[in-house]
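Have a look at the structure below, then the notes.
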Number of protein chains: 2
Amino acid sequence: MDDVKIYQHLADCGIKPSVQRIAIMRYLMEHRTHPSADEIYSELVNKIPTLSKTTVYNTLKLLAEQNAALMLTIDERNAHFDGDTTPHAHFLCKQCGTVYDIPAHEVLTCAKPCVPGEFHTDSVDLYFRGRCPKCNCEN
Amino acid sequence: MDDVKIYQHLADCGIKPSVQRIAIMRYLMEHRTHPSADEIYSELVNKIPTLSKTTVYNTLKLLAEQNAALMLTIDERNAHFDGDTTPHAHFLCKQCGTVYDIPAHEVLTCAKPCVPGEFHTDSVDLYFRGRCPKCNCEN
DNA sequence: AACAAGGTTGTAATCATTACAAATATGGAC
DNA sequence: GTCCATATTTGTAATGATTACAACCTTGTT
């Protein structure tokens with residue numbers, strides 16, 4: 001993926017770039033697998049041997065705060081992260097742990113007005129849990 | 001709240017009653033505050049001095065598995081529990097941490113069909129995050 | 001080059017949750 | 001009621017994700 005695109009995305013979200021931030025943002029944009037902080041660290045430490053896990057956590061928190069990425073709490077075990085900030089839902093397979101994207105534009109756009117007006121909503125998350133097609137067939 | 005009602009609810013969900021299970025289920029039914037495991041423990045240990053935190057965790061997991069209660073992962077810090085299993089959404093105030101109920105029957109009933117058929121959906125959670133009316137006014 | 005501000009690193013906590021094994025309670029057979 | 005098998009509870013000790021913190025490194029500026 002083009003570096004410029006990543007720079008631009010970070011800039012758009014008011015985030016100053018750094019080698020680590022770009023690497024992490026790039027990873028999220030190129031991998032649509034909803035990785036955990038640990039997975040991101042394990043992958044990137046190969047390319048940036050000095051990378052620290054604290055940096056990964058700090059950066060992911062920053063990205064989420066600035067809406068450059070989503071932090072998903074669908075999995076009680078650990079947070080997952082998503083580089084796609086456009087409205088969509090998620091499905092967690094309780095068997096294999098995979099988090100799937102679920103297109104649900106219409107649901108989310110109709111969901112916002114359901115919150116009484118005095119609540120100031122920053123984010124709407126729609127989470128589905130169950131068994132994915134793969135695990136449904138296996139057993 | 002009538003003991004019979006709680007017994008019945010547990011029985012309906014295939015859960016054998018015990019002093020601890022009834023106390024925890026009762027607490028969830030009488031307190032609509034979406035308590036954490038720790039809050040439940042702290043309250044109930046006054047009435048059941050021998051209560052163990054492990055029992056609270058075990059019981060809450062059992063209740064959630066049997067659909068006698070909901071485990072909410074809206075808060076990244078810890079799980080919250082809800083004795084109301086009828087379809088509704090939740091709102092987490094990022095400032096004060098309160099979890100509010102949001103009536104959203106229509107959203108949820110329309111949400112299920114959005115998941116492609118091969119996914120077997122056990123639960124649908126709709127989570128809103130932001131500032132509640134109280135915190136909105138204060139600052 | 002010197003400096004200040006911000007970013008990164010590694011280690012050591014924190015804290016929610018779980019594993020586990022011993023102790024206790026429950027319900028049925030006799 | 002007693003005995004036994006089974007399920008439940010308890011307390012302590014792990015686990016494991018996340019954060020606190022202080023030292024170190026980078027970067028841009030004068």
Side-chain angles (χ1 to χ4, degrees), chain A residues 6-7 10-11 13-27 34-66 68-69 71-81 92 94 97 99, chain B residues 3 6-7 10-11 13-27 34-66 68-81 92 94 97 99:
Chain A
I6 297 165
Y7 267 82
L10 292 178
C13 296
I15 297 173
K16 282 205 254 181
S18 76
V19 173
Q20 293 84 347
R21 288 174 179 179
I22 290 165
I24 291 168
M25 190 68 243
R26 175 199 294 286
Y27 189 85
H34 310 95
S36 65
D38 196 66
E39 284 165 354
I40 296 169
Y41 170 77
S42 298
E43 285 298 316
L44 294 184
V45 78
N46 294 319
K47 298 186 177 178
I48 308 172
T50 63
L51 185 65
S52 158
K53 205 173 268 191
T54 298
T55 300
V56 175
Y57 276 103
N58 287 343
T59 302
L60 289 170
K61 172 177 274 196
L62 179 68
L63 294 177
E65 281 169 359
Q66 300 294 113
M71 174 186 288
L72 310 181
T73 62
I74 191 172
D75 185 346
E76 69 211 69
R77 289 164 55 247
N78 55 22
H80 292 251
F81 296 87
L92 169 71
K94 288 175 173 178
V99 176
Chain B
D3 259 28
I6 297 165
Y7 266 81
L10 293 179
C13 297
I15 297 172
K16 282 204 254 180
S18 76
V19 172
Q20 292 85 348
R21 288 173 180 178
I22 290 165
I24 291 168
M25 190 68 243
R26 175 198 294 288
Y27 188 86
H34 310 97
S36 65
D38 196 66
E39 283 164 355
I40 296 170
Y41 170 77
S42 299
E43 285 299 317
L44 292 185
V45 78
N46 295 319
K47 297 187 177 178
I48 308 172
T50 63
L51 186 65
S52 158
K53 205 174 267 191
T54 299
T55 299
V56 175
Y57 276 103
N58 287 343
T59 301
L60 289 170
K61 171 176 276 197
L62 179 68
L63 293 177
E65 281 170 358
Q66 301 293 113
L70 296 178
M71 173 186 291
L72 310 180
T73 61
I74 191 171
D75 184 347
E76 69 212 69
R77 288 164 55 248
N78 55 22
H80 293 252
F81 296 88
L92 169 72
K94 286 176 174 176
V99 176

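Just so we're on the same page: letters track the sequence lines, and every chain starts at 1. Given the structure is predicted, the values throughout are model-derived calculations rather than measurements.
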Nearest heavy-atom approach of S36(B) to N78(B) is CB-ND2, 4.1 Å
Looking only at dT19(D), dT17(C), dT8(C), the nucleotide nearest the Q20(A) side chain is dT8(C)
- Under the 3.5 Å rule, do the base of dA17(D) and the side chain of S36(A) count as making a donor-acceptor pair? no
Rounded to whole Å, the CD1-C1' distance (I22(B) to dT26(C)) equals 13 Å
From the candidates dT9(C), dT17(C), dG7(C), the one with an atom nearest any side-chain atom of L51(A) is dT9(C)
E39(A) atom CD is separated from dA17(D) atom P, nearest whole Å, by 10 Å
Between H80(B) (side chain) and H34(B) (backbone), is there a donor-acceptor pair under 3.5 Å?
yes
L60(A) CG to dT8(C) C1', in whole Å, measures 14 Å
Contacts of E76(B) and I48(B) projected onto DNA chain D by closest heavy atom; the upstream (5') one is I48(B)
When rounded to whole Å, the OH to P distance for the pair Y57(B) and dA16(C) reads 6 Å
Separation of dA12(C) atom P from K53(A) atom NZ, nearest Å, is 15 Å
Closest heavy-atom pair, M71(A) versus A79(A), reported as atoms and distance to 0.1 Å, is CG-CB, 4.0 Å
Between L92(B) and V99(B) the two heavy atoms that sit nearest each other are CD1-CG2, 3.9 Å
Among the nucleotides dT17(C), dT9(D), dT19(D), whichever has the atom closest to the side chain of T59(B) is dT9(D)
Kindly say whether, by distance alone, the side chain of S18(B) makes a donor-acceptor pair under 3.5 Å with the base of dT26(C)?
-> no
Separation of dA16(C) atom C1' from H80(B) atom NE2, nearest Å, is 12 Å
The residue, N78(A) or L62(B), whose nearest nucleotide of DNA chain D is more 5′ is L62(B)
Can you see if the side chain of T54(B) gets near the phosphate of dG11(D) - specifically, an N or O under 4.0 Å from OP1 or OP2? no
Ranking dT8(C), dT18(C), dT10(D) by distance to the side chain of N58(B), first place goes to dT10(D)
Between R21(A) and K16(A) the two heavy atoms that sit nearest each other are NH1-O, 2.8 Å
Against the side chain of R21(B), the closest entry in dT17(C), dT18(D), dT9(D) is dT9(D)
To the nearest angstrom, the CD-P distance between E65(A) and dT18(D) comes to 15 Å
With the side chain defined as heavy atoms from C-beta on, K16(A) is closest, among dC21(D), dG11(D), dG6(C), to dG6(C)
Rounded to whole Å, the CG-P distance (D75(A) to dA16(C)) equals 18 Å
